[in-house]
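Below is one structure, written out as structure tokens; the observations come after it.
If you're wondering where the values come from, they're calculated on a predicted model, not measured in any experiment.
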2 protein chains.
Amino acid sequence: MSPTSQPSGPGAPGSPGSPGSDSTTVQDYVKVIYSATEWQDKPVTMSALAARLQVANSSVTEMVRKLVGLGLARHEPYSPVELTPSGLRLALSMVRRHRLLETYLVWELGYGWDEVHDEAELLEHTVSDMLIERMSQRLGHPVRDPHGDPIPAADGTVQQPDAHLIGLLDDGHRGTVARISDANPDLLRYLDSEQLKLDTAVEVVGHKPFGGALTVRVGSDPGREIDLGDESAAAVWVSTVGSHPGCNLEQ
Amino acid sequence: MSPTSQPSGPGAPGSPGSPGSDSTTVQDYVKVIYSATEWQDKPVTMSALAARLQVANSSVTEMVRKLVGLGLARHEPYSPVELTPSGLRLALSMVRRHRLLETYLVWELGYGWDEVHDEAELLEHTVSDMLIERMSQRLGHPVRDPHGDPIPAADGTVQQPDAHLIGLLDDGHRGTVARISDANPDLLRYLDSEQLKLDTAVEVVGHKPFGGALTVRVGSDPGREIDLGDESAAAVWVSTVGSHPGCNLEQ
DNA sequence: TTATAGATTTAGGTATGCCGAAATTTCGCA
DNA sequence: TGCGAAATTTCGGCATACCTAAATCTATAA
Ligand SMILES: [Mn+2]
Ligand SMILES: [Mn+2]
Ligand SMILES: [Mn+2]
Ligand SMILES: [Mn+2]
């Protein structure tokens with residue numbers, strides 16, 4: 001995060017799990033700690049946080065110390081970080097904001113799904129609870145964002161879809177695209193150009209040898225076959241509805 | 001402004017008069033310097049800025065020094081502050097953002113005109129140029145905000161309505177409400193309850209003695225008469241269309 | 001079992017912005 | 001013309017958040 005300064009968002013300090021009086025930096029750290037274990041459950045290390053937040057390791061050490069002081073995180077020296085219940089509530093509130101904003105930008109203002117992440121990353125800290133709820137209302141209270149990520153309800157409830165990373169599925173497995181990581185806009189544009197969107201039917205046709213590309217049939221019936229590289233295969237989740245046996249779900 | 005910190009908004013540093021890489025603090029100072037002379041032209045003093053921004057005089061001295069360094073303002077010691085052409089461009093860009101946001105919140109998300117100011121005050125620093133232009137497009141490129149304040153065009157053009165403070169008009173003067181200061185939400189709610197809205201026809205019926213209240217006929221034909229106190233009379237501007245003679249327009 | 005590479009924390013410093021108190025300057029009025 | 005009140009600036013400090021370099025700890029691999 002850049003060092004320039006600004007007031008933190010509105011919202012009463014009291015409302016349960018709302019951003020309240022936390023700085024935008026605290027909000028981002030907590031949100032990143034949460035989302036690091038959303039689609040895989042390796043515990044979050046300090047250096048993983050540093051990498052995601054694009055700051056030095058020492059900065060993470062300092063901020064995590066602060067989060068612990070605020071009662072938002074637990075941390076033993078030289079160990080991974082965990083959220084407290086209070087930190088989890090804040091994180092869910094931020095995630096709700098982020099994903100509702102993305103959804104609003106796509107459906108109400110004609111943004112592409114590759115254009116919304118950065119805008120939401122900033123707005124999430126600024127928008128009031130009232131604005132968020134009005135947007136949710138206007139959208140008919142959606143439960144997932146344009147990338148398939150679940151939108152936590154205002155009360156903190158989340159319904160995580162039962163999906164698996166396509167790169168870990170065995171040949172012959174089929175299902176529909178349930179989620180695509182929005183980390184890389186270029187990748188989103190590429191997948192879009194290949195007709196691989198949310199809810200598209202897909203089937204794992206085969207693996208190229210030596211950890212190479214993954215061949216996937218896209219679309220219903222005959223479909224088209226495309227090859228996904230490592231990065232693509234690590235960004236697409238497939239719902240296990242009507243799944244075949246033999247899925248490597250450990251790790 | 002509170003001391004918590006956050007990245008400043010997006011937008012290329014280059015685009016003419018766009019927020020670019022200026023901190024939200026710089027953006028607010030420049031905007032306040034601009035709007036201080038928008039409806040009256042006393043030069044802006046340091047203490048006036050401090051009062052509007054709710055910071056100490058010494059803080060203003062420091063920030064103004066910085067604005068001068070950035071080429072956004074001119075300032076001789078112990079004198080009022082002025083914007084440079086570059087500062088004016090930035091200010092107009094911020095004002096456009098603020099007013100377009102207010103307008104969007106009212107027309108697209110059902111906000112009341114008394115609820116939008118604080119929300120816009122924060123969002124103006126965070127929203128991208130792209131989002132602003134999409135909102136403008138969605139609204140049909142409005143030229144004034146819910147309070148009657150003109151919305152500068154993307155190229156910096158402003159069409160300031162020809163209006164006068166109702167408190168300075170002589171008895172018998174009539175016209176339509178062209179602008180109501182949004183500084184005080186309570187006042188906005190009061191005026192709203194009295195049917196005194198934008199474009200409402202009004203006539204100055206009389207002045208109570210000793211600088212007291214102003215009696216105003218509201219609405220067309222018979223209309224209703226209401227008494228406006230000092231604060232109200234200093235917040236309502238009336239368009240001079242079909243004006244009668246005798247308007248105290250000096251000062 | 002013990003080096004030692006890698007992860008993490010500590011130490012020392014920078015940049016923003018803001019504050020109160022203490023100078024300093026200006027300007028109206030006696 | 002000169003005095004003092006008001007406005008403005010200077011000075012010393014604080015809080016946040018980040019960084020680099022230098023410890024320090026942990027865990028793996030001889
Ligand atoms: Mn963010
Ligand atoms: Mn998303
Ligand atoms: Mn503002
Ligand atoms: Mn307004």
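Here the nucleotide nearest the side chain of B:M46, chosen from C:dT8, D:dC18, D:dT9, is D:dT9. Of the candidate nucleotides D:dC18, D:dC11, C:dG17, C:dG17 has the atom nearest to the side chain of B:T25. When each of D:dC18, C:dC18, C:dT10 is scored by its nearest atom to the side-chain atoms of B:V55, the top-ranked nucleotide is C:dC18. Set against D:dC18, C:dC18, C:dC19, the side chain of A:E62 has D:dC18 as its closest nucleotide. Here the nucleotide nearest the side chain of A:S47, chosen from C:dT8, D:dT8, D:dG12, is C:dT8. In the set C:dA21, C:dC18, C:dT10, C:dT10 carries the atom at the smallest distance from any side-chain atom of A:T61. The side chain of B:K66 approaches C:dT16 more closely than any other nucleotide in the set C:dA7, C:dT9, C:dT16. Listed candidates were C:dT8, C:dC19, C:dT26. Nearest to the side chain of A:Y78 is C:dT8.
As judged by a 4.0 angstrom heavy-atom cut-off over every strand, B:A56 is placed among residues touching the sugar-phosphate backbone only. Note on A:T45: only backbone sugar-phosphate atoms sit closer than 4.0 angstrom, heavy atoms only; bases stay farther off. Among the atoms of the strands shown, base atoms are found under 4.0 Å from some heavy atom of B:S59.
Counting only heavy atoms from C-beta outward, the side chains of A:Q27 and A:D22 approach each other to under 4.5 Å. Residues B:L131 and A:L123 form a side-chain contact, since some pair of their non-hydrogen atoms from C-beta on lies under 4.5 Å apart.
Using bins of under 30°, 30° to 60° and over 60° for the plane-to-plane angle, the ring pair B:Y104/A:Y104 lands in the perpendicular bin.
Between B:E76 atom CD and C:dT26 atom P there is a gap of 11 Å when expressed in whole angstrom units. Rounded to whole Å, the distance from NE2 on B:H125 to P on C:dG17 is 12 Å. Between A:R65 atom CZ and C:dT9 atom C1' there is a gap of 8 Å when expressed in whole angstrom units. The nearest whole Å value for the distance from the CD atom in A:Q54 to the P atom in D:dC19 is 10 Å. In this entry the distance linking CG of A:L70 with C1' of D:dA17 reads 14 Å, nearest Å. Whole-Å rounding puts the B:N57 CG to C:dA21 C1' distance at 13 Å. Remark: C1' of D:dT9 and CG of B:L67 are 16 Å apart, rounded to the nearest angstrom.
For A:Y29 and D:dT16, the shortest distance from a side-chain N or O to OP1 or OP2 is not below 4.0 Å. Listed pair A:H75 / C:dT9 meets the phosphate criterion, a side-chain N or O lying under 4.0 Å from OP1 or OP2. Proximity of A:S58 to the phosphate of C:dT8: no side-chain N or O atom is located under 4.0 Å from OP1 or OP2.
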Inset, instruction - Apply side-chain hydrogen bond (donor to acceptor under 3.5 Å, both in side chains) to A:H98 and A:D145, showing your working. - result: CA-CA 9 Å; A:H98 183 99; A:D145 81 0; 6.0 Å; no
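B:R96 has a carboxylate O that lies under 4.0 Å from a charged side-chain N of B:E133, or vice versa, which qualifies the two as a salt bridge.
By the neighbour-count criterion of 12 heavy atoms within 6.0 Å, atom CD of A:E38 is densely surrounded, having more than that number from other residues, nucleotides or ligands.
Between the side chain of B:S79 and the base of D:dT8 there is no donor-acceptor pair of N/O atoms closer than 3.5 Å.
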